[in-house]
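Start at 1 with the first residue, then count along the sequence.
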Amino acid sequence: LTGEVASTYILLRTLEERIAVARVNEIIQRRGLEITSVRFRNDLTTELDPSQARVLLKNTQALIPRLEIALRQTENGLSQMLGMTPGGVRSVIGGGSTIPETPATVAVGLPADLLRRRPDIRQAEYLAASQSAAIGIAKADLYPALRLGGSIGYTADSTGDLVNSDSLFSIAGIGFGWNILNYGRIKNRVRANDARFQQTITNYQNAVLNAAREVENSQTAFLRSHEEVKFLQEAATSARRAVDIALIQYRDGLSSYTSVLLTQRSLLLQEDLLTSARGRLAGNLVGLYRALGGGWQLREGDEFISEDARESMRQRTDWGDMLDEGQPVDNEPGENSNL
């Protein structure tokens, strides 16, 4: 849930920046339309130039509502994750922020240690440990069992005689059982439990391999995303410069409007790609933390049940002191495991 909240928040900020990029390009393209309109009124160009400029401007303007729809849907999704009504998350995150910046490098520690905190690996390990114990339970039926039993009490013909020591009596007995006639069935039960244990071992190995794959993929995506953002940043800078040069040359009559049209379209594309890449970079960092089992630190020292939930439960049911107890001790995986 923590990873999903972080990813959704990054997507929300990415959409906000994409809308801002589209609005800036709208201003640039509106300026281009004004220049072509002035030149057309002065018979310095044909109607083709302002028509092409208007098409580009309207396409950019049409992009903004589409992004705003996605932004609103993402905001509502984030509100739901935080237990709020649609739109309520704005009171928490505010507005006008940017995509979270990411460090150039991340200290991930030893992946083998961090992977043990992943819920899927811990679950697979515990299932294998419990199934290993089930083999021993099934094997116990192969051996004889001794049973000791007895009782102690008082017996008398009248109530007054109950206090006499002679009324005390006791019975003791010993029992012996050996399910030897069902050996075949018991051995098959042991074999079945052993086969299930082998299955849980395989599932555990697959969980570890899958986690290692996710960590490696996330690390690669995060590092390569830095390179992508760097190249797109350079491309966007060049695209802005190209737009300025193309507008100056067109205004001075040194080039056709086609060059202006191409550079403005390229600028919008490059800046939108750059914004999306920055969002993916931050998202890849979240994915790396999630692949490593990150997020456990947020709960350290906190209760599993909130105070509001505890109070509501107390009003419905008498829980005694159970709800006031601290967090249960969470042993590290493998401490009591025979694997």
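The residues K230 and E227 are annotated as not salt-bridged, no charged nitrogen and carboxylate oxygen being separated by less than 4.0 angstrom. Here R13 does not pair with E17 in a salt bridge; the nearest charged N to carboxylate O distance is not below 4.0 Å. Using a cutoff of 4.0 Å between basic side-chain nitrogens and carboxylate oxygens, E307 and R314 are scored as salt-bridged. A salt bridge is defined here as a Lys NZ or Arg NE, NH1 or NH2 lying under 4.0 Å from an Asp or Glu carboxylate O, and R290 with E214 fails to meet this definition.
Using modelled atom types and a 3.5 Å distance limit, the side chains of N284 and S225 yield a donor-acceptor pair. With 3.5 Å as the limit, one finds a donor-acceptor pair spanning the side chains of N210 and R213. Side-chain contact annotation: Q198 with D194, donor-acceptor N/O pair under 3.5 Å absent. Counted by atom type alone, T200 and Q131 present zero donor-acceptor pairs between their side chains at under 3.5 Å. When only modelled atom types and interatomic distance are considered, R316 and S312 share a side-chain donor-acceptor pair under 3.5 Å.
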Derivation of the side chain to side chain donor-acceptor pair (under 3.5 Å) call for R185 and N188: CA-CA 5 Å; R185 182 182 301 174; N188 284 335; over 6 Å; no
Step-by-step side-chain contact (heavy atoms from CB on, under 4.5 Å) determination, L269 to R265: CA-CA 6 Å; L269 175 62; R265 183 181 293 116; 5.8 Å; no
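Applying the side-chain hydrogen bond (donor to acceptor under 3.5 Å, both in side chains) test between N25 and each of E271, Q61, Q264 identifies E271 as the sole match.
Counting non-hydrogen atoms of other residues, nucleotides and ligands closer than 6.0 Å to CZ of R241 gives a total of 12 or fewer. The environment of CZ in R31 is sparse: at most 12 heavy-atom neighbours from other residues, nucleotides or ligands sit within 6.0 Å. Within 6.0 Å of CG in D318 there are 12 or fewer heavy atoms belonging to other residues, nucleotides or ligands.
Taking the side chain to side chain contact (heavy atoms under 4.5 Å, CB included) definition, one finds that V229 meets it with L274, A277, R278, L281, sequence neighbours left out.
No cation-pi contact links R39 to Y257, judged by a cut-off of 6.0 Å to the six-membered ring centre and 45° from its axis.
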